[in-house]
Structure formats: structure tokens, C-alpha cells
Amino acid sequence: MSPSPTEKLSQLSIESMPPTTRQQSRSQKSQSSTESEANSVDSRQVDNCLRFPSKLTYSLENLNPDIRQHVTDAVEGLPQITLQECAEREGHVIFQVSELANFRIRTGSRSSQWSTPSCSCGDESPSRTPCRHVLWLFDQITAQLLDNSGEVLTLNKYGYANVLENPYEMITECHLDILADDLHSRVLRTASDTEDALYNARRVQEVREILASLNRTPIDEYRPDIFDHPTGGRRVVKRNDLECTIFRMLCQNNEFFQYFLSSMKSDELVNNTFRKLQKRADAALAGLDAYAESPSSRQPSDNPKDVTWCATHLQAVVKKVHTAIMRARRPLELWERQAAGRTLLHILRQVVDRCRDLTPPTLENVDRNLYLKLIGDRDRNFAIGALNSLAPDAIHPFTAELDRIIFDMQKHGVPHSYAEKLRDVYERARRVRMGGSPIGSKRHRARQGGRGGKRTR
Ligand SMILES: [Zn+2]
């Protein structure tokens, strides 16, 4: 059997990996057949055997050289193949197989070798047409990087939307770790940290949310024995503990994780657009906090996670929240509206709590202080459009918090017009009577009270 995806992951060394996936099977066959046709004909004829995945060895002597080469190449490059199903038909049987192949797509700066995206599937017949992997990947990336409210994007001949201009620059400006989180992917820094990457904090947390949601248990109370100090190395099966076994599978196997995620209905925890956006905001804030704490480790050439960078991310998140509210395909349920409200209020709170001037003092004040940058300096309408696009019942559970936020803003100094707009949001939300309105139906309240409240904080 060829290696599992996680075994392949462990072999992954971004620097040293050859451009195709065949190294995995290379060790399975005799050394001589990897040499070039010209100088190894004799040794190949003597030693012209090939070991197949089942570990049976076949002699290729009876094949003509073309077919022999073809078979060798095919078995060398075998991806993971799964037999999906079979069927009996009139006079024949059918087997359906599918293959899981790994490809690497590189995209780089304008001056690099990869100024346009290049996929390893085309390494042997380099053509400039974008392959399906590039089309798929850049579609995923674009959906994360852009706020799209239905505009049609123009695809260029390299396989990505023109608006990305240079994808590498867009990705590095966003920072790969932030993008990777949104794509449920791990970032490998060196070949040796793959073990840690299996249990990276974001994945562990997502798995906890999935399993807690299935168990209807508050996240923090769900299996602390597994989640407080996640370990397990590469072992997957834990005897007498199915939940722990599934936890390890979900951490280690990307296909299984995606399958699980796509099979689950949206709820407060899982596949919740607004919660996901809140996590992106938190990742940007964590980046800024790390930047603030270690001025010495900053390198001027990097794209730093500074106030401007963080503010750009928060504005993008707020815009995406607004777009998700406005462009929802069906009316949002109460828990979804409240998730949107919670995310917006959370961001406001985090910004208000970051009213301090960071270094370096050479920057303008407004570029050193997140609160000033988004709210305090002048009325930029930050988050107002998104808040106003929500029905007041979405903000209702958070009126006390909104009141405190406005109070804290007034301590720091806030443009009068901006405070007025927030006060309007507050007043509308405060006046909602949840029990009487058709929106706050019993079903919704039961759901919120029974499952939502505590866990989603
Ligand atoms: Zn490809």
C-alpha cells in the first residue's frame, strides 16, 4: 500500500521534495532502473524486476521497451488508489477506482522562478495552461482574500482572478498563517515540525468544536483529558476510546476532516460563517499583540503584523460580515443574526481594549494605536454599516456590552457622530421584546438556551 496522506505529510520537506510524487515508490524498485536508458540497458535486463504495491515482484522481460518504460513509470508514480465499488453486469464486472494524488503548486514574487502559479502535475510536460489544481486552489484563496458581493471576476490565462494581481504579494500581505487558518490547512515551517503540525492549536480547537457540537456539550467541558494537552504522536487508534480515536483521525487526516466538516449541518459552532470570521479577527489581533510584545524581533523587511496590517484585516472581516448578512440566500435564522452581532461586538470590544501607542515612535500616532486607527481619530463609520444591516434582535443579547463599549470609547475619546450612531444601534436593540416578536419564537429561544448560550462565547 502506498503511504497514507499523513505519512506523506511526514515526508514533506518543502525545500528538498522533488517535483513529482514518485519518490514514495522509488524505494520499492531496483536501483538500476532509475538510471538513464543509455547506460543501464544491461543491468536492467538482468535485474528487470519491479515490485508492485502488494509487494509481489514482476519480471518485465517479456515486455517491449516502450511498454516496459510505461509500466515502470506508472508503478513508480502510483498515487494512493482506492477501490470505491464494484458491480456485476451482463458478461462483465466493473471496478470503480479513484486516486488521491498530491501536487505542489508554487507561486512567487515577480522576480522569482514562479512569478505565475505552477503546479507539479505539469512538471513533465510544461505548458502554460492552468491545470485544474491551480484553478481550484486560487478559487479557494480568492474567496478568502476578497470580499465579493456577487461581482463577476475576470479569470486570466494563468488560472486566477485578475484582481489578485500578484497572488504571492496578496498572500504575503495577508500572511500565510492567517490564510492557512481560513483554509483549514497547516503551515509547515520546517520538515521536522510535522509532528507538532498534526496537533496544531487551530485544528485541535476546530475538532473539539465539532465533537462538542455532536455531543451537545459546552466546548470547554468536552473531554478536557483529550483536548487540554493533545498528544498521541502518529498513533491513531486509542483502544476503548472511540472519541479519542476520531479526534486523532480528524487531526491527522485532512480528507477525513473535510469530509466530516462538509457532512455537518451549520450550527452555532460548526460551519458558522460569522464565527469563522471572528476567528480570523482574533488571529489578526493575536498577530498584533505578538508584534506589540516583541519589538526587538521585528525585521523591517517583513510585512509586519502592525497596527495598519491588523486594522486592514479587521476592516476586511467587518466587510465580509456585512456582505454575508446582505447576500444570504435565505433569511438568516436568529442564531445566525446573533452570531453576526456577537462577532461585530467582539471586534469593537477588542479594538476599544487596544487604545495604546505602540513603537516605533517614528510612525504617526494613528498608525501606532489600533483604537485611533479605526475609531478614535475620526469618524470612519467602522462597523456601523454592518451593525445597521442587522435586525435589532441580533444585538439585543449584547446591549449591556454595547453600553460598556460606548462608555469605554468616551473615556478614550470618540468622535461625537460615531458615538451617536452606536447609541442608535443600542437604543433600537434595547427596545426589542424578544418574547413578543415573531422573530424570537419559542423554537429559537429553546435552541439558544438549550445549546447555544454557554458554548458559543
Ligand atoms: Zn496541477
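The structure presented is a predicted model; accordingly, all values stated were derived computationally and were not measured. Numbering of ligands and ligand atoms starts at 1, following listing order.
Under the rule for a side-chain contact (heavy atoms from CB on, under 4.5 Å), the partners of His133 that lie at least two apart in sequence or sit in another chain are Phe103, Ile105, Cys119, Cys121, Cys131. Not counting sequence neighbours, Tyr259 has no partner by the ring pair (Phe, Tyr, Trp, His ring centres under 6.0 Å) test.
Contact of the Phe257 side chain with the Glu206 side chain is registered, since non-hydrogen atoms from C-beta on lie closer than 4.5 Å.
A centroid separation of less than 6.0 Å is found between the aromatic rings of Tyr199 and Phe247.
Listed by chain and number, the protein N, O or S atoms at a distance under 2.8 Å from the Zn ion (ligand 1) are Cys119 SG, Cys121 SG, Cys131 SG, His133 ND1.
Residue pairs that meet the side-chain hydrogen bond (donor to acceptor under 3.5 Å, both in side chains) test with at least one member in residues 86-98, sequence neighbours left out, are Gln84-Ser98.
Under the 3.5 Å distance criterion, with hydrogens and angles disregarded, a donor-acceptor pair is assigned to the side chains of Gln69 and Asp73.
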